[in-house]
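For reference, the structure discussed in these notes is given below.
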Amino acid sequence: MIPPIANKFVAGETADGAVSYAESLNRDGISGILNLLGEHYSDRGGADADADAYISLVRDIADADLDACISVKPSQIGLDIGDSVFRENLDRIVDAADDEGVFVWVDMEDHETTDVTLDAVCDLGTQTDGNVGVCVQANLKRTPDDLERLASVPGKVRLVKGAYNEPSSISYKKKSKVDDVYRDLLEYMFAEFDDGIAVGSHDPKMLSYARQLHDEYGTPYEVQMLMGVREDAQRELADDDVEVWQYVPYGDKWFLYFYRRVRERKENALFALRAVVGV
Ligand code: FAD
């Protein structure tokens with residue numbers, strides 16, 4: 001069982017737990033992006049099992065009539081084993097999700113996976129007429145070109161700052177530079193995309209810039225934030241008629257994810273400490 005301190009960031013160990021958490025989110029006007037925790041499988045059995053779990057999850061989402069979609073990591077469904085394993089499993093998931101009318105996001109991992117991830121999403125976006133979306137990272141120097149390519153592909157694109165420690169030859173290292181590039185890329189998306197813009201950030205500066213661009217260009221957009229992070233802001237935005245999607249991790253591999261959340265921010269570490277000592 002997940003200890004209460006991890007419940008802030010993870011919606012339980014089972015799909016049932018994630019579905020009932022998403023039901024409560026929906027009551028607050030927020031949609032759910034359900035993510036089964038798991039990555040970097042080196043055995044086909046693990047990758048296939050997680051792909052099967054996503055297929056069962058999209059049926060649960062449809063049966064419960066949830067405002068929810070799924071988000072999948074390439075290395076979770078076989079990319080470390082081989083490109084063809086990843087493609088096979090992603091095809092199976094997208095087929096099932098498309099049948100059920102459930103949207104599929106593909107998370108972006110480190111730079112060695114960018115090409116194969118984008119190639120798969122471009123193919124499937126066209127095949128499903130836009131029922132697939134992908135994340136791109138502002139810290140990578142290649143991202144303006146990738147956005148240009150994605151502008152003509154049906155589907156959504158989530159812009160994030162980038163979570164991976166990439167070589168300086170291909171990425172921006174300075175936080176202020178990544179912020180500047182993030183703003184430039186957002187503006188490009190609002191100007192060039194008809195819809196399907198997802199702002200994947202907790203940063204109040206980026207969120208208000210997105211609103212300003214929306215007012216200027218009229219392009220629709222959605223905000224995506226993580227479970228347990230700035231949830232008051234998520235509710236305020238939803239109350240203000242902004243489309244808000246919360247990324248909701250679940251599953252028995254919760255420890256590493258929880259540990260990352262605690263490490264990335266002093267306030268999260270204090271929260272965990274207070275929960276342990278009971279103050
Ligand atoms: P930061 O630049 O970290 O912080 C800027 C400001 O935001 C802070 O000063 C503070 O005001 C506010 N803030 C940030 N975090 C917190 C917090 N925990 N509590 C309170 N205030 C906070 N990365 C990938 O590489 N690939 C992915 O597929 C991917 N998917 C993502 C999906 C979603 C829905 C989200 C939200 C992020 C995803 N990321 C992904 C992570 C992303 O790349 C960033 O590492 C992460 O979001 C931190 O950047 P930020 O823009 O939120 O804010």
Side-chain angles (χ1 to χ4, degrees), residues 8-11 22 25 30-40 68-77 79 90 103-114 117-118 120-121 132-140 142-143 146 150 156-166 170-183 185-186 197-210 221-237 242-249 257-272:
K8 178 175 154 83
F9 301 107
V10 180
L25 266 186
I30 297 174
S31 308
I33 307 170
L34 306 192
N35 169 255
L36 172 62
L37 291 164
E39 56 194 293
H40 295 299
C69 61
I70 60 169
S71 205
V72 179
K73 283 199 177 354
S75 74
Q76 172 176 30
I77 55 168
L79 188 56
L90 187 62
F103 190 85
V104 178
W105 282 102
V106 183
D107 287 349
M108 189 58 82
E109 298 181 277
D110 69 82
H111 74 278
E112 291 185 352
T113 69
T114 313
T117 304
L118 291 180
V121 168
V132 182
V134 70
C135 178
V136 297
Q137 299 147 324
N139 66 330
L140 290 189
R142 59 175 287 163
T143 297
D146 293 336
L150 289 165
K156 299 194 212 177
V157 177
R158 172 200 304 152
L159 181 65
V160 299
K161 292 187 186 174
Y164 294 82
N165 186 14
E166 302 286 12
I170 57 155
S171 70
Y172 303 110
K173 293 294 189 188
K174 240 174 110 182
K175 200 171 158 19
S176 58
K177 175 68 183 175
V178 176
D179 285 355
D180 287 347
V181 174
Y182 192 98
R183 283 191 193 86
L185 297 176
L186 261 191
I197 302 171
V199 181
S201 177
H202 309 103
D203 190 337
K205 295 189 295 301
M206 301 308 151
L207 298 173
S208 61
Y209 191 51
Y221 74 109
E222 65 190 57
V223 168
Q224 298 188 355
M225 298 200 219
L226 303 182
M227 177 179 175
V229 179
R230 300 200 66 218
E231 289 197 351
D232 289 349
Q234 296 181 31
R235 291 202 172 82
E236 275 166 31
L237 286 165
V242 176
E243 188 177 331
V244 179
W245 290 76
Q246 186 181 108
Y247 189 99
V248 179
Y257 179 83
F258 170 67
Y259 179 66
R260 280 184 193 148
R261 296 285 78 76
V262 167
R263 253 188 26 168
E264 78 191 354
R265 218 173 152 76
K266 192 177 66 196
E267 288 83 347
N268 290 343
L270 288 174
F271 159 80

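Computed from a predicted structure; not experimentally measured. For ligands, and for the atoms within them, numbers begin at 1 and follow the listed sequence.
Under 4.0 Å from ligand 1, the heavy atoms of Lys175 that appear belong solely to its side chain. Both the backbone and the side chain of Gln224 come within 4.0 Å of ligand 1, counting heavy atoms alone. In Lys161, the parts holding a heavy atom less than 4.0 Å from any atom of ligand 1 are both the side chain and the backbone. Proximity of Met206 to ligand 1, defined as any heavy-atom pair under 4.0 Å, is not found for any part of the residue. If you look at Val229 next to ligand 1, the close heavy atoms, those under 4.0 Å, all belong to the side chain.
Side-chain rings of Trp105 and Phe103 approach one another, their centers coming within less than 6.0 Å.
Under the 3.5 Å distance criterion, with hydrogens and angles disregarded, a donor-acceptor pair is assigned to the side chains of Asn165 and Lys173.
Below 4.0 Å from some heavy atom of Ala163 lie the following atoms of ligand 1, by number and element: 23 (N), 24 (C), 25 (O), 43 (O), 45 (O). The atoms of ligand 1 that sit less than 4.0 Å from any heavy atom of Asp107 are 28 (O). Near Ser201, the atoms of ligand 1 lying under 4.0 angstrom from a non-hydrogen atom of the residue are 50 (P), 51 (O), 52 (O). Ligand 1 places these atoms under 4.0 Å from at least one heavy atom of Tyr164: 25 (O).
Checked options Val223, Leu237, Val244; the residue passing with Ile30 is Val244 (criterion: side chain to side chain contact (heavy atoms under 4.5 Å, CB included)).
Proximity of a side-chain donor or acceptor of Lys73 to a complementary backbone N or O of Asp107 within less than 3.5 Å is not detected.
A 4.5 Å side-chain heavy-atom check between Arg158 and Tyr247 finds at least one atom pair inside the cut-off. Ile197 has its side chain out of reach of Leu159: every pair of non-hydrogen atoms, C-beta onward, lies at least 4.5 Å apart. With a 4.5 Å cut-off on side-chain heavy atoms, Met108 and Val134 count as touching. By the 4.5 Å heavy-atom criterion applied to side chains, Val242 and Tyr221 are counted as neighbours.
Checked by distance only, ligand 1 and Val160 stay at 3.5 Å or farther apart across all their nitrogen or oxygen atoms. Considering backbone and side-chain atoms alike, Gln137 places an N or O below 3.5 Å from some N or O of ligand 1.
With His202, Lys73, His111 as candidates, the residue nearest to atom 36 (C) of ligand 1 on a non-hydrogen basis is His202. The residue among Pro204, Gly162, Cys135 with a heavy atom at the shortest distance from atom 11 (O) of ligand 1 is Pro204.
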Given salt bridge (Lys or Arg N to Asp or Glu O under 4.0 Å), test Lys177 with Asp180 step by step and report yes or no. CA-CA 5 Å; Lys177 175 68 183 175; Asp180 287 347; over 6 Å; no

